Asks: 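I have a structure I would like to understand better, so I am pasting it below and will then ask my questions one at a time.
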Protein chains: 2
Amino acid sequence: MNTFNALAEPNRRRLLEAIRQEPCTVNMLVSKSGLSQPAVSKHLRYLREADLVTVKPDGQKRWYELNPAPLKEIEAFLEPYRQLLSSRLDAPEQHLDSMKSTKTKEIDN
Amino acid sequence: MNTFNALAEPNRRRLLEAIRQEPCTVNMLVSKSGLSQPAVSKHLRYLREADLVTVKPDGQKRWYELNPAPLKEIEAFLEPYRQLLSSRLDAPEQHLDSMKSTKTKEIDN
DNA sequence: TAGTTATATAACTATATAGTTATATTTAAT
DNA sequence: ATTAAATATAACTATATAGTTATATAACTA
C-alpha cells in the first residue's frame, strides 16, 4: 500500500488524524472511530505498509505512532500545483464551467 | 470520485501532471501516457468527477485543463502534519516522546 | 490453570475500479 | 453522402479492498 492509496480511504485518514494527535492503541482507535476492531486492525495494517505509522508493543497493547515521513511524497506531488493554487484559487470560484445540470454548453471556441 | 481517490491512481496522477503542464486533448494524453484511448477517457471522467479538470470542447477535440481548486482539500489535510514533517523528519527516528509535553495521555484501558 | 483482554488474521461477501474490446456519437474531410 | 477522426460509453473481466464473523495468538489476571 502506497501513501496515496493509504490516504484515499476516509476512515484511514481519520485513524491517522487520531494517531497524529496522540499515540493510540487499537482499542483506543476502535472507540474513537466506531469501527470494529478487525476493521481498525486492517486499516492499521495498510497504514503500516505505507509506513505512515509505527508500532510499539507494550504488553498486550500496541501503541501506534505517526510517521509523517511518507507524506513528503504527497507534498512533493502537490508542490508544482501550489502556485496555481495560490494565484488562481483565492479569487473565489472563477471556474464558471459548472455545466453540471444545464445542457447549455457555454462553449466559446 | 473525491480528490483523494482521484489522486490514488498513478496513471491518473500522470495524466494530471500532463494536463498541468499544458491543456491536453484526449489523443495527446493517449500519446503521452501510452494508455489506450478508452482507459484515458475513463480516467478523465474520474478527474472530471473530482473537479480536478475542466473540458473545453473544440470541434471533435476536447481540451482538458487543470482545475487545482480541489487540491486545497489535500493541502488542508496535510497542514497539521507539516511541522512534524519539517521538525521530525530530517532527524531520523526518534519520535518516542512526542506526546509528553502537552498531551494528556488518557489511557483508558 | 483457567479465563479474560488486546490484537491480528483468515475466510468470506460486496463493491469499486482499472483495464479490455466493441460500439456509439459527434464533427471533419472528401 | 461516405468516410474518417476524436471521444465517450457499454459490457465485460480481473483485481483490490472495506467490511463482516469467526478464530488464533499472545499476554495479562484471578
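By convention in this document, chain letters (A, B, ...) are assigned in the order of the sequence lines, proteins followed by strands, and residues within each chain are numbered from 1. What you see is a predicted model, and the numbers here were worked out from it, not measured in a lab.
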Asks: Side-chain N or O of B/Tyr64 versus OP1/OP2 of D/dA8: is the shortest distance under 4.0 Å?
Replies: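 Result: yes.
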Asks: If you compare every side-chain N and O of B/Arg12 against the phosphate oxygens of C/dA18 (OP1, OP2), does one of them come in below 4.0 Å?
Replies: yes
Asks: Measure from the side-chain N and O atoms of B/Arg12 to the backbone N and O of B/Asn5, and report whether any donor-acceptor pair falls under 3.5 Å.
Replies: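 It does hold such a pair.
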Asks: Give a yes/no on whether any side-chain N or O of B/His43 is located under 4.0 angstrom from OP1 or OP2 of C/dT17.
Replies: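 Result: no.
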Asks: Do any side-chain nitrogens or oxygens of A/Asn5 fall under 4.0 Å of OP1 or OP2 in D/dA16?
Replies: no
Asks: Check whether any side-chain N or O of A/Ser36 sits under 4.0 Å from OP1 or OP2 of D/dT20, and answer yes or no.
Replies: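 For A/Ser36, the contact criterion (side-chain N or O under 4.0 Å from OP1 or OP2 of D/dT20) is met.
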Asks: Without decimals, in angstroms, what is the distance between A/Arg45 CZ and C/dA6 C1'?
Replies: 17 Å
Asks: Taking only side-chain N and O atoms of B/Asn27, does any of them lie within less than 4.0 angstrom of OP1 or OP2 on D/dT7?
Replies: yes
Asks: Report which part of the nucleic acid B/Met28 touches: base, sugar-phosphate, or nothing (heavy-atom distance under 4.0 Å, all strands).
Replies: nothing
Asks: Evaluate B/Arg14 against B/Glu9 for salt bridge (charged side-chain N to carboxylate O under 4.0 Å, His left out), listing each step before the verdict.
Replies: CA-CA 9 Å; B/Arg14 288 183 207 113; B/Glu9 217 285 324; over 6 Å; no
Asks: Any donor-acceptor pair, under 3.5 Å, between the side chain of A/Lys42 and the base of D/dA18, if you only look at N and O atoms?
Replies: yes
Asks: Starting at atom NZ of A/Lys61, determine the distance to atom C1' of C/dT4, rounded to an integer number of angstrom.
Replies: 14 Å
Asks: Could you tell me whether B/Glu22 and B/Lys32 have a side-chain N and a carboxylate O separated by less than 4.0 Å?
Replies: yes
Asks: Do the side chain of B/Gln60 and the base of C/dT26 come within less than 3.5 angstrom through a donor-acceptor pair of N or O atoms?
Replies: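 Donor-acceptor pair under 3.5 Å: no.
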Asks: Tell me if a side-chain donor or acceptor on B/Arg13 pairs with a main-chain N or O of B/Leu7 at a distance below 3.5 Å.
Replies: yes
Asks: Classify B/Gln37 by what it touches in the nucleic acid, base, sugar-phosphate, or nothing, heavy-atom distance under 4.0 Å.
Replies: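 Touches a base.
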